[in-house]
Enquirer: 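First the structure, which I've put down as structure tokens, then a few questions once you've had a look.
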Amino acid sequence: MTKEVRVRFAPSPTGALHIGGLRTALYNYLFARKMGGKFLLRIEDTDQTRFVPGAEEYIQEALAWMGISPDESPWKPGEVGPYRQSERKVSYMSYALDLVEKGHAYYAFDSSEELEAMRERLTAARVVQPQYNSITRTQMKNSLTLSPEEVKERLASGDPYVIRAKLPLKEEVRFQDLIRDWVLVHSSTLDDKVLMKSDGMPTYHLANIVDDHLMGITHVIRGEEWLPSAPLHVLLYRFFGWEETMPQFAHLPLLLKPDGNGKLSKRDGDKLGFPVFPLNWIDPFTGEKSSGFRETGYLPDALLNFLAFLGWNPGDEREIFSLEELVEAFSIERIGKSGTKFDIAKAKWFNEHYLRSKTQEDLIAYLQQDALAAGTTLSQEKAGAIVSLLRDRVTLPGDFWKDSQFLHQAPSDFDSEVAAKKWNTDAVTLLQAYAGALESGVATPFDGTAAKALLESSAEASGIKLGKVMQAVRLAVTGLGAGPDLMEVFAILGPQEVAKRIRFALDTLATVD
RNA sequence: GGUCCGUUCGUCUAGGGGUUAGGACGUAUCCCUUUCACGGAUAAAACACGGGUUCGAUUCCCGUACGGACUACCA
């Protein structure tokens, strides 16, 4: 009987949840579901200076939108709460003190100026890694160098201090990462990380280990940026005597910029023309706006499918997966090792796929909504006709409205390139004849077939080859050189409107040579 | 700079000591279509480099190059 799998997603509420964080959450969720375990959300808000109002709500909403809601969270507490580190504050100090007692941590009283001076001194002495470590700590102000009396006095008098981990000088630290296999580092390259800050809050390293232990976390699935500090975490488990229940680590490959340099960052999104956040976000301090996948028109299913394949694959050639199917197929072993560039073209393809699998009613609703927002209303039949016309050509829901503009208002100008190439006397002759026929009302009822039949007979009567002038006809009525089936467009517009537009085109374009 | 991690078509990737190195996105061409798109078909396109080990290496080992992460009283 093995222990129930418990994993956690542990974001900091310092702004909008990044798309990479969302993928981390997704993988955690998939693994938990696959293993029949639990997926927890823990808010890591130990840095009070970076707290951003609204960020926590954003995380909650983004996860809900994606359908990967946690089993336990600040809003749905389980038995190991609280789920916000700021609310767990009281317990961290006692754990830090426990480490001090065991000789694995110590008090340090150095001011930031003194730390800075130390680094400068070491840099000047050309020490490769100027850091607070097993060697340099002997020259600093801490409970290892100061007399017990002075330490006691400083603590009693309220001198600001931090608690640092006391790392062994010479020791090999190794652990087996689920994705990278054995990772080995020497403790001599590690520094004495601060565990408790002078404001009484723990750092990530301490809080993380204590909470993962207390919350019964069995697998830590997180971004590769944590790999360098994983040895410290392993050491902390050892110091606490929790080695037996230490979670297994899985460090995920990073999401990289599409152009290949560096990890995808918050600033990239709007610069590159696509979102890097799940939802729209306005920074409460700077007012800076960032666009989200949701508001841009990406469907949660599409984003989910896309994100899942950024660093993972099922091992066969299937590509389209629902959340349930992902759960079924997921395994940590099939996560890749190397960084993954973010290619929005593939995301678009997924979105097209999921958009086309929507019902006609859903798509009509998208169009109606945009029309309404633009101050127009569309009849159900017209909206339905437009959706049928465009459904195989859209990428985003907003395209139904955007790409049907020529149906909502007559063109005021015409694609000049097409006009220059296609607007000839044959076209003018035919259009005059066609407009006349439409105005006479011969074609009723006016559907696509009737519109086409009438156009064909007009062409025949004028002795003109239809194929040669079709683009000019399209140009006259839509102003554009390309678009959906023209006869269906005519049907939607109705004979009077088509005739009116042709007359306008004839007037406007006739003067052009 | 140091430590750690990585490297298969442009991109996401499959594969793995002997393969015509497979798929998808994107691109191109053709078919369909009175345009464009959809759909169908086809094509171009990759094992970073150098040494080992081996009968044989893209696959294993080492080095180099390149890329990345980390290097805070941030997470």
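To find a chain, count down the sequence lines: A is the first, B the second, and so on, and within it residues start at 1.
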Enquirer: Tell me what A:T46 touches on the nucleic acid: a base, only sugar-phosphate, or nothing, going by heavy atoms under 4.0 Å.
Expert: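 The residue A:T46 makes sugar-phosphate contact but no base contact.
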
Enquirer: Identify which nucleotide among B:U35, B:G6, B:U3 has an atom closest to any side-chain atom of A:Q471, counting heavy atoms from C-beta outward.
Expert: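 For the A:Q471 side chain, the nearest candidate turns out to be B:U35.
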
Enquirer: Could you give the CZ-to-C1' distance, from A:R8 to B:A75, as a whole number of Å?
Expert: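 My rounded result for the distance is 11 Å.
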
Enquirer: Please write out the pairs of protein N or O atoms and N or O atoms of nucleotides 70-73 of chain B separated by less than 3.5 Å, giving the distance to one decimal.
Expert:
unit_1 : atom_1 : unit_2 : atom_2 : d
B:C73  : OP2    : A:R164 : NH2    : 3.4
B:C73  : O2     : A:S198 : N      : 2.7
B:C73  : O2     : A:S198 : OG     : 2.8
B:C73  : N3     : A:S198 : OG     : 3.0
B:C73  : N4     : A:D110 : O      : 3.3

Enquirer: Restricting both atoms to N or O, compile the protein contacts to nucleotides 61-65 of chain B shorter than 3.5 Å, with distance only.
Expert:
none

Enquirer: Applying a 3.5 Å limit to both distances, which nucleotide forms a Watson-Crick or G-U wobble pair with B:C38?
Expert: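 With both distances under 3.5 Å required, B:C38 matches none.
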
Enquirer: Using the salt bridge (charged side-chain N to carboxylate O under 4.0 Å, His left out) rule, collect all pairs that involve residues 462-487 of chain A, keeping only residues at least two apart or in two chains.
Expert: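 Every candidate salt bridge (charged side-chain N to carboxylate O under 4.0 Å, His left out) pair involving residues 462-487 of chain A fails, so no pair, neighbours aside, qualifies.
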
Enquirer: B:C62 and B:A75: how far apart are their P atoms, nearest whole angstrom?
Expert: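 My reading of the P atoms in B:C62 and B:A75 gives 36 Å.
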
Enquirer: If you pin A:L184 and A:R50 to their nearest nucleotides in RNA chain B, which one's is more 5'?
Expert: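 So the residue in question is A:L184.
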
Enquirer: Which residues satisfy the salt bridge (charged side-chain N to carboxylate O under 4.0 Å, His left out) test with A:R318, sequence neighbours excluded?
Expert: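 Listed in chain order: A:D316.
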
Enquirer: Which protein N or O atoms sit under 3.5 Å from an N or O of nucleotides 40-45 of chain B?
Expert:
none

Enquirer: For nucleotides 20-22 of chain B, tabulate all protein N/O to nucleotide N/O atom pairs closer than 3.5 Å, reporting atom names and distance.
Expert:
unit_1 : atom_1 : unit_2 : atom_2 : d
B:G22  : O2'    : A:E317 : OE2    : 3.2

Enquirer: Could you tell me which residues satisfy salt bridge (charged side-chain N to carboxylate O under 4.0 Å, His left out) with A:R391, sequence neighbours excluded, listed by chain and number?
Expert: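 Residues passing salt bridge (charged side-chain N to carboxylate O under 4.0 Å, His left out) with A:R391: none at all.
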
Enquirer: Could you tell me the separation between the CG atom of A:L355 and the C1' atom of B:A37, rounded to a whole number of Å?
Expert: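 Rounded to whole Å, this separation is 14 Å.
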
Enquirer: Could you tell me the separation between the CD atom of A:E56 and the P atom of B:A75, rounded to a whole number of Å?
Expert: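 Taking CD of A:E56 and P of B:A75, I get 16 Å after rounding.
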
Enquirer: So, using salt bridge (charged side-chain N to carboxylate O under 4.0 Å, His left out) as the criterion, who are the partners of A:K141 when residues are at least two apart?
Expert: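 Testing A:K141 for salt bridge (charged side-chain N to carboxylate O under 4.0 Å, His left out), a comparison that skips the adjacent residues, returns A:E114.
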
Enquirer: Please enumerate all protein N or O atoms sitting under 3.5 Å from an N or O of nucleotides 31-34 of chain B, with distances to 0.1 Å.
Expert:
unit_1 : atom_1 : unit_2 : atom_2 : d
B:U34  : O2     : A:G467 : N      : 3.0
B:U34  : O4     : A:E456 : OE2    : 3.1

Enquirer: Across the strands shown, which category fits A:R474 at heavy-atom distances under 4.0 angstrom: base, sugar-phosphate, nothing?
Expert: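 Result for A:R474 = base.
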
Enquirer: Can you build the contact string for nucleotides 9-14 of chain B? Use B for base contact, S for sugar-phosphate-only contact, and - for no protein heavy atom under 4.0 Å.
Expert: --SSSS

Enquirer: Sequence neighbours left out, what passes salt bridge (charged side-chain N to carboxylate O under 4.0 Å, His left out) with A:D413? Give chain and number order.
Expert: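 A:D413 satisfies salt bridge (charged side-chain N to carboxylate O under 4.0 Å, His left out) with no residue once adjacent residues are dropped.
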
Enquirer: Does anything in residues 182-208 of chain A form a salt bridge (charged side-chain N to carboxylate O under 4.0 Å, His left out)? List the pairs, not counting sequence neighbours.
Expert: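 Pairs touching residues 182-208 of chain A that pass the test: A:R137-A:D192, A:D191-A:K193.
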
